[in-house]
Amino acid sequence: MTCLLLLLLLLLFSSADSLTSPSDVSALKAFKATVKPNSIPPWSCLASWDFTVSDPCASPRRTHFTCGITCSSDSTRVTQLTLDPAGYTGRLTPLISGLTELLTLDLAENNFYGLIPSSISSLTSLKTLILRSNSFSGSLPDSVTRLNSLESIDISHNSLTGPLPKTMNSLSNLRQLDLSYNKLTGAIPKLPKNLIDLALKANTLSGPISKDSFTESTQLEIVEIAENSFTGTLGAWFFLLESIQQVDLANNTLTGIEVLPPNLAGENNLVAVELGFNQIRGNAPASFAAYPRLSSLSMRYNVLHGVIPSEYERSKTLRRLYLDGNFLTGKPPARFVRTDAEVMGSLGNNCLQGCPGKAKMCAPSQKPFYICKQAYGGKPKS
């Protein structure tokens, strides 16, 4: 009886040893070998990876390879590498390229550092790439743009430098791109045609925002490119993008904006516009009030002059309006300063006359008269 039991156990382990593709096993071994042993807590996923006693895709995984990987239905290929945020420290080995059936690579919220290997282009089935909140440096390799199956990239909160690849638009299936909180430089290249969500916040991107970058992106809904160094005048084409809904361009160095009313024959879904903390001059664009779904508008702390457009008061959708920190003059629209005002925000720190102190929208108080006089080269005109 004992001999029979031993034979069954032997058959079980011999069959398990042959489950996972040898190339996948080699890649996983190389991956773990580049992680510093003292950064692998005993309770973590990587601590359970013991290649000497178990096959990565063998089941049930009661004591080894308990988490961190997912395998194909036939238990032969690794399809997901999703680590826990355990503080792992190390480099991402170029031999990760051996996981050729990988659909998801997620190393978020750890301490991986160094370059993203160009060999990542061998992961031709990859759909999701998440390296968020690590310490990766160097440029985003051009080879990433050869991963035609990619649908989502999140490499935010790292230390990437240099320009974005000029061939970003070749990622024809990409829907989400988040490279925020890095040190990227240069201009925005031509974007993928199926992109929905673009986040490049808090980098050092510069130059004018070019229409050519956005021409092919007809499904783009969210654009977050605040906290960069974009300059010049933002053309009227931007707010007329076919699917645009939310825009955040705050904390740049824009000096002007052009706004045209939307084509009422088509559908316009613009809901929120954030243009605060730039250097935008001129009058507040009255055409924003013509956008049928616009509910939030901020142009705070720019260099706007003139009166607050009466069109803003007549808007039936506007619920948040921040124009504080400019040089606006005249009387504030009555609808915004009533005690029962439905619109929240601020008209403070301007040159307005008759902005009642009890009105929430009038806080903080208006600029001193001499500053307003200097801004207008004389007495502010009502």
> Checking side chain to side chain donor-acceptor pair (under 3.5 Å) for the pair Arg293/Gln245: CA distance, chi angles, key distance, verdict?
Replying inline: CA-CA 9 Å; Arg293 289 179 173 80; Gln245 294 182 16; over 6 Å; no

>> For Leu171 versus Pro192, what's the shortest heavy-atom pair and its separation?
In response: O-CB, 3.2 Å

> Do Asp178 and Ser180 meet the criterion of a side-chain donor-acceptor pair at a distance under 3.5 Å?
Replying inline: yes

> Under 6.0 Å from the CZ atom of Arg281, do we count more than 12 heavy atoms belonging to anything else shown?
Replying inline: no

>> Between Thr329 and Gln353, is there a side-chain donor-acceptor contact under 3.5 Å, judged purely by atom types and distance?
In response: yes

> Only one of Leu184, Thr185, Leu177, Asp142 clears side chain to side chain contact (heavy atoms under 4.5 Å, CB included) with Leu164; which?
Replying inline: Leu184

> Hey, quick one: are Leu140 and Leu105 part of the same hydrophobic cluster, counting side-chain heavy atoms closer than 4.5 Å, chains of contacts allowed?
Replying inline: yes

>> Using the rule given for ring pair (Phe, Tyr, Trp, His ring centres under 6.0 Å), can you reason through Phe327 versus Tyr376, listing the C-alpha separation, both sets of side-chain angles and the distance that settles it, and then say yes or no?
In response: CA-CA 9 Å; Phe327 296 88; Tyr376 281 86; 7.5 Å; no

> Which atom pair, heavy atoms only, marks the closest approach of Glu227 to Tyr181?
Replying inline: OE2-OH, 4.2 Å

> Do the side-chain N and O atoms of Thr20 and Asp55 include a donor-acceptor pair separated by under 3.5 angstrom?
Replying inline: yes

> Are Glu274 and Ser298 close enough that a side-chain donor and a side-chain acceptor fall under 3.5 Å?
Replying inline: yes

> Does one side chain, of Arg77 or Thr100, offer a donor that lies under 3.5 Å from an acceptor on the other?
Replying inline: yes

> According to the interplanar angle, ranging from 0 to 90°, do the rings of Trp49 and Phe31 count as parallel (below 30°), tilted (30 to 60°) or perpendicular (above 60°)?
Replying inline: tilted

>> Does Thr104 form a side chain to side chain donor-acceptor pair (under 3.5 Å) with Asp106? I'd like the steps, not just the answer.
In response: CA-CA 6 Å; Thr104 300; Asp106 184 351; over 6 Å; no

> By side chain to side chain donor-acceptor pair (under 3.5 Å), which residues pair with Gln80, not counting sequence neighbours?
Replying inline: none

>> side chain to side chain donor-acceptor pair (under 3.5 Å), that's the test. Do Thr145 and Thr167 meet it? Break it down for me.
In response: CA-CA 6 Å; Thr145 65; Thr167 52; 2.8 Å; yes

